[in-house]
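Have a look at the structure below before the remarks.
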Amino acid sequence: MKAIVLGAGKGTRLQSEQFQLPKVLRQANGRALIDYVLEHISFIPKQDTVVVVGYKKEDVRAALSPEYLFSDQDQQLGTGHAVNCAREHFEDYDGDVLVLYGDMPLLSRDTYERIIKQHVETGADCTVLTAIVDDKLPYGRVIKDENGNFLDVVETKDCTPEQLAIKELNIGVYVFRSKLLFENLKELKNNNAQGEYYLTDIPKILLKKNAKVTTCAIYDATEIFGVNTVEDLQFCEEKLKNEAK
């Protein structure tokens, strides 16, 4: 198992520029956000973990162990583009890869281990981490058929009122067969409001090619917080302080 940690973001809504820090180096309870994330996936060796860096990339590299692998995302063209920037480290690799975010400090080691275990045991080509919660959070909704099989992810802003009522959310964490992932990244289109290449489109692309796509659900809204705003950071700070007691 290898990992790709997406950590190129600027953190504009987090007002990170006034701190002269990239988003993943903002601190919660005395530690950088990415430190928590890397600790929670430490069962994957550092030399098998690729950190995608962009804004103030030298600072991120300097803050982390040189044992990690790094890839540069010099233009912010979306999550699909970010993953594609790590391609250089996967040319001769035929195993699975965990894709995750460097700004989700509350997602636990248990959850990462569980999605990987399910992916391996079911022989899936792609496993999507979802959260089934009552909270109306701004995450994409997971669309399934009448038998509970994955069909699609629809971003919040594109949802119909019926889709917005769906309680199963896409968290943005996946396990892929790496060869399939990189083969299909070139099929991503950026014909959306942001003009970006979204990784969320890959499971549907794989499904159309008869690949096996499964979901792995958690039921804790606390774990799924990505830090995008000052309020998010304050929330994570409180949770981490309580955990440390």
Side-chain angles (χ1 to χ4, degrees), residues 1-46 48-57 59-65 67-70 73 79 82-83 86 97-116 128-131 133 135 137-140 169-175 199 216-245:
M1 179 67 59
K2 291 192 176 189
I4 298 174
V5 182
L6 304 182
K10 199 175 202 178
T12 304
R13 284 185 290 159
L14 193 54
Q15 300 167 16
S16 286
E17 286 169 270
Q18 71 187 59
F19 292 90
Q20 298 298 303
L21 284 172
K23 184 181 185 182
V24 294
L25 292 188
R26 290 294 300 276
Q27 295 209 338
N29 197 29
R31 294 176 65 194
L33 299 176
I34 198 169
D35 285 347
Y36 294 101
V37 175
L38 293 173
E39 180 185 297
H40 295 161
I41 62 160
S42 60
F43 56 89
I44 298 174
K46 291 183 178 70
D48 289 328
T49 301
V50 183
V51 182
V52 179
V53 293
Y55 178 68
K56 288 190 168 287
K57 60 189 177 185
D59 292 356
V60 182
R61 287 173 184 262
L64 301 180
S65 166
E67 291 179 78
Y68 288 108
L69 301 172
F70 294 91
Q73 185 191 20
T79 48
V83 171
V97 57
L98 171 69
V99 180
L100 64 151
Y101 288 98
D103 64 353
M104 297 181 76
L106 302 181
L107 204 56
S108 68
R109 179 188 179 112
D110 284 349
T111 295
Y112 289 121
E113 289 183 328
R114 194 154 66 82
I115 183 178
I116 289 168
V128 181
L129 183 66
T130 69
V133 296
D135 307 51
L137 298 170
Y139 289 95
L169 312 178
N170 176 51
I171 309 311
V173 174
Y174 310 86
V175 183
L199 189 63
C216 177
I218 59 174
Y219 298 85
D220 182 358
T222 301
E223 274 200 56
I224 66 177
F225 262 80
V227 176
N228 291 307
T229 65
V230 174
E231 292 76 21
D232 293 340
L233 188 62
Q234 289 167 346
F235 177 85
C236 288
E237 172 107 16
E238 287 305 312
K239 290 292 178 187
L240 291 164
K241 278 181 178 173
N242 289 335
E243 283 177 16
K245 285 177 182 175

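- Put simply, the side chain of Y36 reaches to within 4.5 Å of the side chain of R31, judged on heavy atoms.
- Distance alone, capped at 3.5 Å, is enough to place a donor-acceptor pair between the K23 side chain and the V227 backbone.
- Annotation: the span from I218 atom CD1 to D110 atom CG amounts to 11.0 Å, rounded to 0.5 Å.
- L25 contributes atom CG, which lies 11.0 Å from atom OH of Y55 (distance to the nearest 0.5 angstrom).
- Side-chain contact between L6 and V24 is absent, with no heavy-atom pair separated by less than 4.5 Å.
- No hydrogens or angles considered: nothing links the side chains of K239 and N29 as a donor-acceptor pair under 3.5 Å.
- Taken to the nearest 0.5 Å, the OH atom of Y112 stands 9.5 Å off from the CD1 atom of I44.
- Atom CD1 of I224 is separated from atom CG of N170 by 10.0 Å, given to the nearest 0.5 angstrom.
- Atom-to-atom distance recorded for Y68:OH and D48:CG is 11.5 Å, nearest 0.5 angstrom.
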For this session: Under the side chain to side chain contact (heavy atoms under 4.5 Å, CB included) rule, what do M1 and V175 come out as? Steps first, then yes or no, please.
Result: CA-CA 9 Å; M1 179 67 59; V175 183; 4.0 Å; yes
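- Taking both residues in full, the closest heavy atoms of F235 and L106 are given as CE2-CD1, 4.0 Å, listed atom of the first, atom of the second, then distance.
- Residues R114 and C216 come closest through the heavy atom pair NH1-SG, 3.8 Å.
- Annotation for L100 and A3: closest pair CD2-CB, 4.3 Å, computed over non-hydrogen atoms.
- Side-chain contact between V99 and T79 is absent, with no heavy-atom pair separated by less than 4.5 Å.
- Rounded to the nearest 0.5 Å, atoms OG1 (T222) and CG (L107) are 11.5 Å apart.
- What you find for L33 and A28 is that their closest heavy atoms are CD2-CB, 3.9 Å.
- Looking at heavy atoms from C-beta onward, V53 lies out of side-chain contact with D59 at the 4.5 angstrom threshold.
- In this structure the side chain of D35 reaches within 4.5 angstrom of the side chain of L64, judged on heavy atoms.
- Closest approach of S65 to K46, counting heavy atoms only: OG-CD, 3.7 Å.
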For this session: May I have the step-by-step check of side chain to side chain contact (heavy atoms under 4.5 Å, CB included) for V51 and I34, ending in yes or no?
Result: CA-CA 10 Å; V51 182; I34 198 169; 4.0 Å; yes
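- Residue E223 comes nearest to M104 through the heavy atom pair O-CE, 4.5 Å, listed as atom of the first residue, atom of the second, then distance.
- Because its NZ or CZ atom is not both nearer than 6.0 Å to the ring centre of F43 and within 45° of the ring axis, R109 does not count as a cation-pi partner of that residue.
- Salt-bridge annotation for K241 and E237: present, with a side-chain N of the basic residue lying under 4.0 Å from a carboxylate O of the acidic one.
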